[in-house]
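This report concerns only the one structure given below.
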Amino acid sequence: MAEKSQINFLWKQIRDKAEGIIPPVSFNAFIRDLEPVDVINRRIYLKASSDLAANTIMKKQAVTLRDAIAKCNVGITDFRLLVDGSDTYTLEEDGADDDFKPVPINKNFTFDSFVVGSSNKFVYAAAKSVAEHPGESFNPLFIYGESGLGKTHLMQAIANQVERDMPGKRVLYTTCDNFLNEFIDSMISGKLSSRDKGARFRLHYRNVDILMIDDIQFLAKKPGVQEEFFHTFNELYSQNKQIVLTSDRPPKEIATLEERLRTRFEGGLIADIQPPDLETKIAILKRKALERKCHMPDEVLEFLANDSGHDVRTLEGRLTKVLFASKLHEEPISLPLAKLALSESVNESQSSGEITPENIISAVCGYYKYRREELVGKGKKADLVKARQICAYLMCEMLSLPLISIGNIMGGRDHTTIMYSRDKVDELIRLNEKIAQEVDDIKNIVLKQ
């Protein structure tokens with residue numbers, strides 16, 4: 001526990017700043033008498049007189065109080081409320097959010113780094129508007145489109161801009177799979193009772209200014225989770241809190257989605273991302289080449305853009321292959337070199353057999369010379385861990401399976417471990433050409449099986 005005098009000193013600075021930006025009536029009624037209790041994980045815990053007072057603060061003054069905390073710049077990043085005898089506003093020594101592991105946001109996913117073309121300019125404008133005026137228009141914003149077209153990029157661009165321009169607002173980005181798993185965890189008794197965990201889960205997802213959930217289509221066929229999300233949606237919407245959702249299909253095509261959720265999804269703005277045209281693909285390649293500090297001749301860009309499918313990730317993979325070939329052969333990038341680099345690639349559309357988890361495990365084991373038992377086991381050797389992470393990444397990329405299912409296949413690992421592996425390899429592919437080549441080689445092995 002932090003020293004009481006230090007806690008009081010921190011709270012006095014925050015309270016003085018809040019007094020200058022919160023209307024006097026509200027400040028005197030709710031904020032002035034809050035009692036600082038502790039500081040844990042850069043969060044200050046404040047005791048309120050009742051659940052009613054705490055609820056009022058969270059609904060009416062939370063954003064402004066967080067803004068005051070940010071402006072004080074004293075090392076505190078957020079606050080939590082406590083109420084004696086409350087099931088919702090409680091203090092746990094390990095912190096109120098430790099049961100909820102954040103899904104990382106890529107700081108490189110910004111509006112400036114998103115290539116705008118005729119296929120995505122409408123949804124780009126909608127996302128930009130939400131980032132500038134959250135909760136005021138387009139609520140909810142529902143973005144749908146095929147995998148690899150930029151839905152997650154736009155969603156995380158909103159999060160990055162809001163966190164930069166409005167530090168007082170609380171943004172929560174997660175995946176539907178993560179929401180599902182945390183909901184299940186909240187019903188399982190552990191150190192806390194299931195009632196306490198349920199209250200903590202609801203507070204975590206409803207005590208936000210912007211809620212963003214990726215791949216919401218995974219709510220299908222899960223009535224219990226739909227029930228919970230319905231109430232979360234209503235609570236946030238009634239307070240004009242911004243909701244942003246992505247899916248691979250429009251609401252009307254999500255099977256077994258409850259009608260009351262479907263109508264709420266359709267009550268905002270539904271925006272689709274279409275596959276990029278040739279000009280947009282070339283612009284994307286130019287952007288990616290510049291990010292990697294290399295010059296790519298126009299004829300090479302056009303060659304890579306042609307017959308590359310609709311997936312932007314595939315487009316970037318073709319670029320990576322050419323860059324690797326240039327470095328490997330110590331030759332400048334040219335059209336003949338690009339053709340050579342792609343000559344051994346397998347067009348994914350030529351793969352007729354269904355890809356299974358065992359196909360991917362077999363390919364990774366063969367490539368890195370490990371037994372299956374080693375790959376899914378507990379070994380910590382660096383090369384083995386890398387192979388295991390690449391295997392998890394490929395399962396995420398090539399199979400339509402929830403993270404929890406992939407974790408079970410990979411030796412009973414937690415879904416957050418699979419998420420970490422996926423994101424780490426995704427980052428390595430962008431930064432390390434050797435890793436990018438290895439991943440591409442294994443993918444081709446899988447497609448040839």
How far apart are the closest heavy atoms of [X] and [Y], and which atoms are they?
| X | Y | answer |
| --- | --- | --- |
| P36 | I44 | CB-CD1, 4.4 Å |
| F114 | G150 | CE1-O, 3.9 Å |
| G379 | V385 | O-CG2, 4.0 Å |
| S119 | P275 | CB-O, 3.3 Å |
| Y144 | R249 | CB-O, 3.6 Å |
| A159 | M212 | CB-SD, 3.8 Å |

Using 0.5 Å steps for rounding, measure from the [atom1] atom of [X] to the [atom2] atom of [Y].
| X | Y | atom1 | atom2 | result |
| --- | --- | --- | --- | --- |
| C391 | Y367 | SG | OH | 14.5 Å |
| K386 | L428 | NZ | CG | 9.0 Å |
| K222 | C176 | NZ | SG | 7.0 Å |
| T246 | L141 | OG1 | CG | 10.0 Å |
| S421 | I390 | OG | CD1 | 10.0 Å |
| E228 | L219 | CD | CG | 11.0 Å |

When you look at R264 and N234, which way does the side chain to side chain donor-acceptor pair (under 3.5 Å) test go after all the steps?
-> CA-CA 9 Å; R264 280 160 177 75; N234 281 350; 2.8 Å; yes

Taking [Y]'s backbone N and O only, do any of them form a donor-acceptor pair with [X]'s side chain (distance below 3.5 Å, no angle check)?
| X | Y | result |
| --- | --- | --- |
| Q242 | P134 | no |
| R318 | L304 | yes |
| D248 | E146 | no |
| Q226 | L261 | no |
| E132 | V162 | no |
| D84 | K47 | no |
| N55 | D51 | yes |
| R80 | Y45 | no |
| N139 | K241 | yes |
| R66 | R170 | no |

Salt bridge [X]-[Y], side-chain N to carboxylate O under 4.0 Å:
| X | Y | answer |
| --- | --- | --- |
| E266 | R262 | no |
| E358 | R372 | yes |
| D214 | K151 | no |
| E374 | K369 | no |
| D78 | R43 | no |
| K434 | E438 | yes |

Would you say the side chains of [X] and [Y] form a donor-acceptor pair under 3.5 Å?
| X | Y | value |
| --- | --- | --- |
| N178 | T175 | no |
| N359 | T356 | yes |
| N106 | Q156 | no |
| H153 | S113 | yes |
| R413 | N408 | no |
| H231 | E235 | no |

Is the closest side-chain heavy-atom distance between [X] and [Y] below 4.5 Å?
| X | Y | result |
| --- | --- | --- |
| V364 | I361 | no |
| F265 | I270 | no |
| Q389 | Y393 | no |
| I360 | L399 | yes |
| D272 | V123 | no |
| V439 | V425 | yes |
| L81 | F79 | yes |
| M398 | V446 | yes |

Using the side-chain contact (heavy atoms from CB on, under 4.5 Å) rule, take L46 and L82 through it: C-alpha gap first, then chi angles, then the decisive distance, then the call.
-> CA-CA 6 Å; L46 306 166; L82 312 174; over 6 Å; no

Hey, mind stepping through F111 and Y124 against ring pair (Phe, Tyr, Trp, His ring centres under 6.0 Å) and telling me if it holds?
-> CA-CA 8 Å; F111 288 111; Y124 172 87; 5.6 Å; yes

Sole candidate of Y205, F233, Y173 that passes ring pair (Phe, Tyr, Trp, His ring centres under 6.0 Å) when paired with F179 |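 Passing option: Y205.
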
Determine, stepwise, if the pair F229 / I213 fulfils side-chain contact (heavy atoms from CB on, under 4.5 Å).
-> CA-CA 11 Å; F229 184 71; I213 298 188; 3.4 Å; yes

Evaluate side chain to side chain donor-acceptor pair (under 3.5 Å) for Q437 paired with D441, printing each intermediate quantity in order.
-> CA-CA 6 Å; Q437 183 63 48; D441 288 343; 2.8 Å; yes

Is the number of heavy atoms from other residues, nucleotides or ligands within 6.0 Å of CZ (F109) greater than 12?
->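 Yes, enclosed.
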
Quick check: are there more than 12 heavy atoms from other residues, nucleotides or ligands sitting under 6.0 Å from OH of Y237?
->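 For Y237, atom OH is not crowded (no more than 12 foreign heavy atoms under 6.0 Å).
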
Of I243, L236, V171, V130, the residue whose pairing with I210 passes side chain to side chain contact (heavy atoms under 4.5 Å, CB included) =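 Of the listed residues I243, L236, V171, V130, the side chain to side chain contact (heavy atoms under 4.5 Å, CB included) partner of I210 is V171.
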
Given side-chain contact (heavy atoms from CB on, under 4.5 Å), test M395 with M410 step by step and report yes or no.
-> CA-CA 10 Å; M395 286 191 186; M410 293 295 296; 3.8 Å; yes

Begin from the C-alpha positions of D215 and S247 and carry the test side-chain contact (heavy atoms from CB on, under 4.5 Å) through to its verdict.
-> CA-CA 5 Å; D215 292 322; S247 172; over 6 Å; no

